[in-house]
Trainee: 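Quick one: the structure is below, questions incoming.
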Amino acid sequence: MHQMTIGGKPVPVAGTFDVTDPATGEPFAQAPDCTPDQLDHAMNTAAEAFRTWRRDDRTRREALRGAADALEAAIGRLAPLLTAEQGKPLKDARSEIAGAVVWLRYYADLELPREIVQDDARGHAEIVRRPLGVVAAITPWNFPVTLAMWKIAPALRAGNTVVVKPSPYTPLTTLALGELLQEVLPPGVLNVISGRDPLGALMTTHPVPRKISFTGSTATGRRVAAAAADDLKRVTLELGGNDPAIVLDDADPEQIADRLFWAAFRNNGQVCLAVKRVYAPEHLHADLVEALAARARSVRVDAGTAEGAQLGPLNNRPQFDRVTDLVADALRQGALAAAGGAPLDRPGYFYQPTVLTGLTDGTRIVDEEQFGPALPVIAYRDLADAVERANASPYGLTASVWSPDLDRAGQVAAELEAGQVSVNVHGLGVRPDLPFGGHKWSGLGVENGPWGLYGFTDLQVLTRPAQP
Ligand code: NAD
């Protein structure tokens, strides 16, 4: 069994919970269930490690390089574990872990300039960024490794120590990551614990962490913010989205369909920034629906371990039930499934890639985050009205505009309320060097780039008068 790692060592298992293989719907492994004492131990150990870890920038950068090498060498071993617990095809599991390596290297290489505001005859004023202390990192089940690394790499680079808790649906690869990285990190710098949702809540009220870095649903994000408020812990929240793609009237449906399709269906739509609703002009609507539906029908959905699988199952039963309900609700309201529309007839949480037409705003699957392989395509007559409807959502994570006229697309993009907006592609801005974060209900603060690292620091101003 994969174990929790605290202070560089495996922790004796006090209790366990089941981890289910989404391709069968059956439990296939157990994970340790962290006790409150073990949580205290993790937090105190991280606080102790912080005393020395925060001091030496060079050691930290070398350690992150070592972590990148160790993780890269382990991709072949970790990818099957990620597929088993998450469901995604093996090649996607491999590229997810390879992405985490890129993030480690990016932060290892990131130079933090000294910011000297004044250095003249009157005196010297400088701004430094101090690490906060212990960071509690809480992650969801869609990209367990990537999203953990978006927190671990910048938090450690800035000089913090970390206690990370993965989702109870996907704890194993993160536990394995914790075991692996002990070879290259000083004890206590990275601690990995696992448990059910109440463990996350306990982390947010624990007195030790100075920051909660959270990725997950908006509902839980609100609870995290409320729990952190009492102690004024810093928070970064990466939350849900209902990301619109607006197709302009001069776009060519066949030409854009591949990119649009995969922007919506990658990882089975279980991507915070997936395209979740498409607005298409009336005269292109039927052609676009058919182009997307043709792709949906031809995608190979199978267990992540099956040769040639392009999409796996949904990750867990509640998510499978939610997607099933949202599509059934849309069909009851008069929507038509141009492709899919129902689960696959086999064990596990498999759902047919679904393209919905004949529906509009006010239907649950348009207004809410579906987080699954079902895409509504909505016809519009007036572009200004489509922009208005795209922005009418309380979410604001990402958005895209599709047109060969880049100036016009850029003007529409500038109207959209989202943390990232792309033209003729969706989600191109997800890179280690660009800030990622949501507007409105989609989050608070950003991850990635120097901006993400700054979120793991407090500013300190150092001043002195000129020497006589
Ligand atoms: P979730 O909110 O149910 O759980 C996320 C994590 O929070 C899990 O580790 C869970 O155990 C923990 N948790 C549960 N209750 C808690 C509490 N009261 N206090 C602290 N932690 C608690 O989310 P999920 O279903 O795992 O993930 C799906 C959601 O995540 C979607 O809404 C998706 O859009 C969002 N997401 C956002 C981003 C982003 O970067 N914006 C990225 C990926 C996923």
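For clarity, every value in this text was computed on a predicted model and none was experimentally measured. Order of appearance sets the numbers: ligands from 1, and atoms from 1 within every ligand.
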Trainee: Do any nitrogen or oxygen atoms of Arg223 lie less than 3.5 angstrom from nitrogen or oxygen atoms of ligand 1?
Mentor: no
Trainee: Heavy-atom contacts with Ile138 under 4.0 Å: which atoms of ligand 1 show up? List them by number with element.
Mentor: 6 (C), 7 (O), 9 (O), 12 (C), 20 (C), 21 (N)
Trainee: Can you check whether Thr220 has an N/O within less than 3.5 Å of an N/O in ligand 1?
Mentor: yes
Trainee: What atoms of ligand 1 come closer than 4.0 angstrom to any heavy atom of Leu147?
Mentor: 42 (C), 43 (C)
Trainee: Any idea how Trp141 and Tyr169 line up, ring-wise: parallel (<30°), tilted (30 to 60°), or perpendicular (>60°)?
Mentor: perpendicular
Trainee: Between the side chains of Thr173 and Glu85, is a donor N or O closer than 3.5 angstrom to an acceptor N or O?
Mentor: yes
Trainee: Just which atoms of ligand 1 are under 4.0 Å from any heavy atom in Pro166?
Mentor: 9 (O)
Trainee: Going by an N to O cut-off under 4.0 Å, is there a salt bridge joining Arg322 and Asp325?
Mentor: no
Trainee: Does the N or O separation between Leu239 and ligand 1 drop below 3.5 Å for any pair?
Mentor: yes
Trainee: At under 4.0 Å between heavy atoms, is it the side chain or the backbone of Phe214 that contacts ligand 1, or both, or neither?
Mentor: side chain
Trainee: Which ligand 1 atoms does Phe436 reach within 4.0 Å, using its non-hydrogen atoms?
Mentor: 40 (O)
Trainee: Polar-atom distance check: Thr215 versus ligand 1, any N or O pair below 3.5 Å?
Mentor: no
Trainee: Any chance the side chains of Ser393 and Lys440 put a donor and an acceptor closer than 3.5 Å?
Mentor: no
Trainee: Go through ligand 1 atom by atom and flag the ones less than 4.0 Å from a non-hydrogen atom of Gly216.
Mentor: 2 (O), 5 (C), 23 (O), 29 (C), 30 (O), 35 (C), 36 (N), 37 (C)
Trainee: Please check: side-chain N/O of Gln319 versus main-chain N/O of Asn316, any donor-acceptor pairing under 3.5 Å?
Mentor: no
Trainee: Less than 4.0 Å between atom 4 (O) of ligand 1 and some protein heavy atom, yes or no?
Mentor: no
Trainee: Indicate whether the side chain of Tyr380 and that of Asp361 have a donor and an acceptor atom separated by less than 3.5 Å.
Mentor: no
Trainee: I'd like to know if the side chain of Thr360 pairs up with that of Arg389 as donor and acceptor (distance under 3.5 Å, no hydrogens or angles considered).
Mentor: yes
Trainee: Applying a heavy-atom cut-off of 4.0 Å, say which part of Asn142 lies close to ligand 1: side chain, backbone, both or neither.
Mentor: side chain
Trainee: At what distance is the nearest protein heavy atom to atom 25 (O) of ligand 1, and which residue and atom is it?
Mentor: Trp141 NE1, 2.9 Å
Trainee: Quick one: does Gln420's side chain have a donor or acceptor within less than 3.5 Å of a partner on Leu397's backbone?
Mentor: no
Trainee: Quick one: look at Met203 and ligand 1, take heavy-atom pairs under 4.0 Å, and tell me if it's side chain, backbone, both or neither.
Mentor: neither
Trainee: If hydrogens are left out, which of Gly438, Ala201, Cys272 has an atom nearest to atom 42 (C) of ligand 1, that is, the closest non-hydrogen atom?
Mentor: Cys272
Trainee: Has Pro168 got any heavy atom lying under 4.0 angstrom from an atom of ligand 1?
Mentor: yes
